[in-house]
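Got a structure for you, questions after.
Fair warning: this is a prediction, and the values are worked out from it, not measured in the lab.
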Amino acid sequence: MKRTASDSEEGWDYLERGFTKLKRIFEGLPEPAFNLEDYMMFYTIVYNICCKPARAHHNEDPDQMYDKYEQILEDYMPSKVLPSLREKHDEYDLLRELLKSWANHKFLAKWLSRVFLPLQAGYIPRMALPELNAFGLSCFRDLVFEAMKDKVKDAVIALIDREREGEEIDRTLVKNVMDLFVEIEVGKMHCYEKDFEEHMLASGYGGLLFSEGIKLDSSGFV
């Protein structure tokens with residue numbers, strides 16, 4: 001069936017309702033889960049809007065679709081993720097919430113990148129824009145991690161200090177947070193070296209880490 005202007009408008013309305021539902025799910029509000037039919041409908045609408053030039057000004061559609069992808073992530077990070085982290089004052093609560101937020105965000109970015117996949121075929125390379133999943137992960141880095149990294153470092157160092165005083169700490173949690181510092185830069189060591197290792201060495205904890213066998217390599221605690 002040939003797409004018309006009204007088809008496009010109905011498609012945008014369907015997407016908006018779907019994105020609202022998606023946000024509610026991630027906020028823990030009661031919503032039925034998406035099924036395969038929902039996912040295929042999203043993908044088909046995005047494909048039809050972006051890839052079927054059925055009317056004038058069609059070239060505006062991929063622009064709007066990419067902007068919508070950016071908007072979903074950029075609105076969600078400061079409005080929902082950051083407040084949930086900033087209200088955590090206990091070290092364990094903060095680090096666990098950070099890891100949960102990071103895992104949820106990776107799932108959200110991956111899910112959205114699949115729905116918006118038609119943009120990846122032609123529009124994104126032609127416009128030299130960041131790939132969908134890469135942009136999604138960078139949103140967490142720029143809008144959440146940069147705002148919280150000092151508080152997270154302080155929390156990790158506080159736990160290490162508590163262990164130094166004889167308290168048993170959750171080393172798996174600490175390792176996972178250190179892994180996040182590496183992963184947030186898509187596997188590069190730059191973020192880890194600049195924002196964590198140098199800070200800890202300057203704080204006098206480097207020797208402690210190595211002397212107690214908590215060695216640091218490209219993957220974090222080992």
- Is it true that a side-chain atom of His105 and a backbone atom of Gly136 form a donor plus acceptor pair closer than 3.5 Å?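 Indeed, once roles are kept as given, a pair shorter than 3.5 Å links the two residues.
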- How far apart are the C-alpha atoms of Val174 and Met178, what are their side-chain angles, what is the distance that settles it, and do they pass the side-chain contact (heavy atoms from CB on, under 4.5 Å) test? CA-CA 6 Å; Val174 174; Met178 294 172 70; 3.9 Å; yes
- Item | Tyr39 atom OH: more than 12 heavy-atom contacts under 6.0 Å |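 Atom OH in Tyr39 is packed in, count exceeds 12.
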- Message: Using 0.5 Å steps for rounding, measure from the CD1 atom of Ile124 to the CG atom of Leu117.
- Response: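 Taking CD1 in Ile124 and CG in Leu117, the distance rounds to 8.5 Å.
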- Item | Lys80 side chain near Lys23 side chain, heavy-atom distance below 4.5 Å |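 No, their side chains stay 4.5 Å or more apart.
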- Got a sec, which residues hit side chain to side chain contact (heavy atoms under 4.5 Å, CB included) with Met127, two or more places apart in sequence or on another chain?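 Side chain to side chain contact (heavy atoms under 4.5 Å, CB included) check on Met127 returns Tyr123, Leu129.
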- Stepwise, does the side-chain contact (heavy atoms from CB on, under 4.5 Å) test hold for Glu163 with Glu168? CA-CA 6 Å; Glu163 184 180 53; Glu168 184 176 347; over 6 Å; no
- Please indicate whether Glu74 has more than 12 foreign heavy atoms, meaning atoms of other residues, nucleotides or ligands, lying under 6.0 Å from its CD.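 Yes, enclosed.
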- Kindly give the heavy-atom pair with the smallest separation between Pro118 and Val115, and that separation in Å.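 Heavy-atom minimum between the residues: CD-O, 3.6 Å.
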- Side-chain touch Leu119/Pro62, heavy atoms, less than 4.5 angstrom: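 Of all side-chain heavy-atom pairs linking Pro62 with Leu119, at least one is under 4.5 Å.
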- If only atom types and distance count, is the side chain of Asp38 paired as donor or acceptor with the main-chain N or O of Asn35 below 3.5 Å?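 Present.
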- Which value, rounded to the nearest 0.5 Å, describes the distance between Leu112 atom CG and Phe107 atom CZ?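 The CG atom of Leu112 sits 9.5 Å away from the CZ atom of Phe107.
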- Classify the ring geometry between Tyr47 and Tyr43 as parallel (under 30°), tilted (30 to 60°) or perpendicular (over 60°).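 It falls in the parallel class, under 30°.
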- Transitively linked via ILVMFWY side-chain contacts under 4.5 Å: Leu29 with Met77?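 Each belongs to a different hydrophobic cluster.
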- Query: For Phe34, is the NZ or CZ atom of Lys21 found under 6.0 angstrom from the centre of its six-membered ring and inside 45 degrees of the ring axis?
  - Reply: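 Yes; both conditions hold, so Lys21 lies above the ring face of Phe34.
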- Approximate separation, where rounding is to 0.5 Å, of Trp102 CH2 and Arg141 CZ: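 The CH2 atom of Trp102 sits 9.0 Å away from the CZ atom of Arg141.
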- Query: Which heavy-atom pair separates Gln120 from Leu132 by the least distance, and what is that distance?
  - Reply: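 Closest approach of Gln120 to Leu132: OE1-N, 3.3 Å.
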- Message: When you compare the side chain of Arg114 with that of Phe42, does any pair of heavy atoms fall below 4.5 Å?
- Response: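 Sidechains of Arg114 and Phe42: no contact.
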- Quick one: are Met148 and Arg86 in side-chain contact, heavy atoms under 4.5 Å?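 Contact flag for Met148/Arg86 side chains = yes.
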- Message: Which residue is it: Val46, Thr44, Ile45? I am looking for the one with a side-chain contact (heavy atoms from CB on, under 4.5 Å) to Asn48.
- Response: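 Of all the options given, the one that passes is Thr44.
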- Which heavy-atom pair separates Leu159 from Ile169 by the least distance, and what is that distance?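 Scanning both residues completely, I find the closest heavy atoms to be O-CG2, 3.2 Å.
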- Residues in ring-ring contact (aromatic ring centres under 6.0 Å, His included) with Phe19, at least two apart?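 Applying ring-ring contact (aromatic ring centres under 6.0 Å, His included) to Phe19 gives Phe116.
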- Message: Could you tell me if the side chain of Glu131 sits less than 4.5 Å from the side chain of Ser113, heavy atoms only?
- Response: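 A side-chain contact under 4.5 Å is absent here.
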- Heavy-atom neighbours of Arg96 CZ exceed 12 at 6.0 Å: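 Yes.
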- Test side-chain contact (heavy atoms from CB on, under 4.5 Å) applied to Leu73 and Phe140, step by step: CA-CA 9 Å; Leu73 292 170; Phe140 191 93; over 6 Å; no
- Query: Just how far is it from atom CZ of Phe135 to atom CG of Asp142, taken to the nearest 0.5 Å?
  - Reply: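 So the CZ of Phe135 and the CG of Asp142 are separated by 8.5 Å.
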- Leu94 versus His89: any side-chain heavy-atom pair under 4.5 Å?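 Leu94 vs His89: side chains apart.
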- Query: What is the minimum heavy-atom distance between Asp90 and Asp93, and which atoms define it?
  - Reply: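 Between these two residues, the closest heavy atoms are OD2-N, 3.1 Å.
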- Residues that Arg162 engages under side chain to side chain donor-acceptor pair (under 3.5 Å), provided they are two or more places apart: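 By the side chain to side chain donor-acceptor pair (under 3.5 Å) rule, Arg162 matches Glu91, Glu167.
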- Note, Phe145 side chain near Cys139 side chain (heavy atom, < 4.5 Å):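 Phe145 does not reach Cys139 side chain to side chain.
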- Message: Taking the side chain as everything from C-beta on, heavy atoms only, tell me whether Trp12 gets closer than 4.5 Å to Met65.
- Response: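 Yes. Closest side-chain heavy atoms under 4.5 Å.
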- Spacing of CD belonging to Glu10 relative to CG belonging to Leu15, to within rounding of 0.5 Å: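 Here the rounded value is 12.0 Å.
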- Stepwise side-chain contact (heavy atoms from CB on, under 4.5 Å) check, Lys153 with Asp150: CA-CA 5 Å; Lys153 284 184 292 188; Asp150 289 337; 3.3 Å; yes
- Query: What are the two closest heavy atoms between Ile25 and Glu31, and how far apart are they?
  - Reply: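 Looks like CG1-CB, 3.6 Å.
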- Item | From Asp154 atom CG to Ile157 atom CD1, the distance as rounded to the nearest 0.5 Å |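 Those atoms lie 6.0 Å apart.
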- For the residue pair Leu95 and Val152, what are the closest heavy atoms and their distance?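 Where Leu95 meets Val152 most closely, the heavy atoms are CD2-CG1, 3.8 Å.
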